[in-house]
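Below: one structure, written as structure tokens.
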Amino acid sequence: MFSFRNAFFLAAAALATVTSAAPTGNGGAPGVNQVAQLVGVHDVLNGVAHDVSVHDVDVTVADLRRHNPEQVVNGQEGGLNADGSISDLLSSVTGGLKTRDDAASLPELLVDAKAKLEVVLANLNGASNGKPNVDVNILVDIVGQVQVILCGILDGVKVIVGHPIEFILCLEGKVLAIVDVCALLTTVLSLVCIILSCVLRLVASASIHIVAPLVAGIGAVLCELLTCIFKLVPGIAAGLLPTVGPIINLLIALKLEAVVNVLKAAN
């Protein structure tokens, strides 16, 4: 199982190469031997990562979470009824929303996201398979999966606003301490940073302009997610800060300084 302790070893190893990697002769693309050592599944489980690096590129934030309003309700355009009411539209929208009875607690959301991100990381490892680059379509899909996972947490957090704190922090019938919730959140953040670092390492130089804005879009999701979590449980912001040093450095290397600002502003 990918533990909180292993996440820190992995983040630290990733940071060491992110901050020290020199450009290669082919415009920044990694060599075969470098990628052959890139985030093997066994290395992840053992808390060891090799040669995780990112390209130094300027990116712009592209938040892809917002869809065309015409596609909000089951992919169809909503409108007024013949009598001018909007009851059918409201029914369609509310029918797809989670109710409080279906809500998951914050630890449950984080545990679920952690498991899904581990699968994404394993799939990325399988796609690389010792190759210097991975097809850009695969990498775009990987980033998309990360975004869906993070948006799932965000939606779940919004559902439980106003719940008793005993429910918000509950996991398997026990109310977790703030420090334990912070450990789960730190692990999720670590996995996200590691996946994004690997994606930027594996993308060909000619395709970096496609992937980099999508990575920046993850930063927009993280900013909103962290802001919502800090408002939901104010103690998490202070509890998280002492544990996210390696993550902050990775975020800076990924050019996601806005996320760093959210972490700092909350304290």
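Note that the structure is predicted; figures quoted are calculated from it, not measured.
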Close side-chain approach of L106 and I236, heavy atoms under 4.5 Å: yes
I153 and V188: CA distance, side-chain angles, deciding distance, side-chain contact (heavy atoms from CB on, under 4.5 Å) verdict: CA-CA 11 Å; I153 307 175; V188 168; 4.3 Å; yes
Distance (rounded to the nearest 0.5 Å) between L222 CG and L196 CG: 8.0 Å
Test item: L202 and I138 side chains (from C-beta on) under 4.5 Å apart, heavy atoms: no
Please list, one pair per line, the donor and acceptor atoms closer than 3.5 Å that link side chains of residues 166-185 to other protein atoms, with sequence neighbours excluded.
none

For the student: nearest non-hydrogen atoms of L189 and L226, plus distance: CD1-CD2, 4.4 Å
Rounded distance (nearest 0.5 Å) linking atom SG of C223 with atom CG of N261: 8.0 Å
Smallest separation among heavy atoms of V136 and S207, with atom names: CG2-CB, 3.7 Å
Considering all heavy atoms, the nearest F230-L263 contact: CZ-CD2, 4.0 Å
Side-chain touch T187/L191, heavy atoms, less than 4.5 angstrom: yes
Sole candidate of I229, V262, L154 that passes side chain to side chain contact (heavy atoms under 4.5 Å, CB included) when paired with E224: L154
Side chain to side chain donor-acceptor pair (under 3.5 Å) between Q145 and D141, worked out: CA-CA 6 Å; Q145 291 177 49; D141 181 64; 2.7 Å; yes
pair I160-S105: side-chain heavy atoms closer than 4.5 Å: no
Non-hydrogen atoms of L124 and C198 that approach each other most closely: CD2-CB, 3.5 Å
hydrophobic_cluster_shared for V192 and V119, side chain cutoff 4.5 Å: no
Minimum-distance pair of heavy atoms, taken over all atoms of V120 and I149: CG2-CD1, 3.9 Å
Nearest heavy atoms of S128 and N125, plus distance in Å: OG-O, 2.8 Å
Flag side-chain contact, heavy atom, 4.5 Å: D112 against E108: no
Interatomic distance, T243 atom OG1 to I248 atom CD1 [nearest 0.5 angstrom]: 9.0 Å
From I218 atom CD1 to I195 atom CD1, the distance as rounded to the nearest 0.5 Å: 9.5 Å
In one Ile/Leu/Val/Met/Phe/Trp/Tyr side-chain cluster, 4.5 Å: V111, V148: no
Reported CG-to-CD1 distance for the pair L254 and I194, which is rounded to 0.5 angstrom: 10.5 Å
Euclidean distance, I247 CD1 relative to L240 CG, rounded to 0.5 Å: 7.0 Å
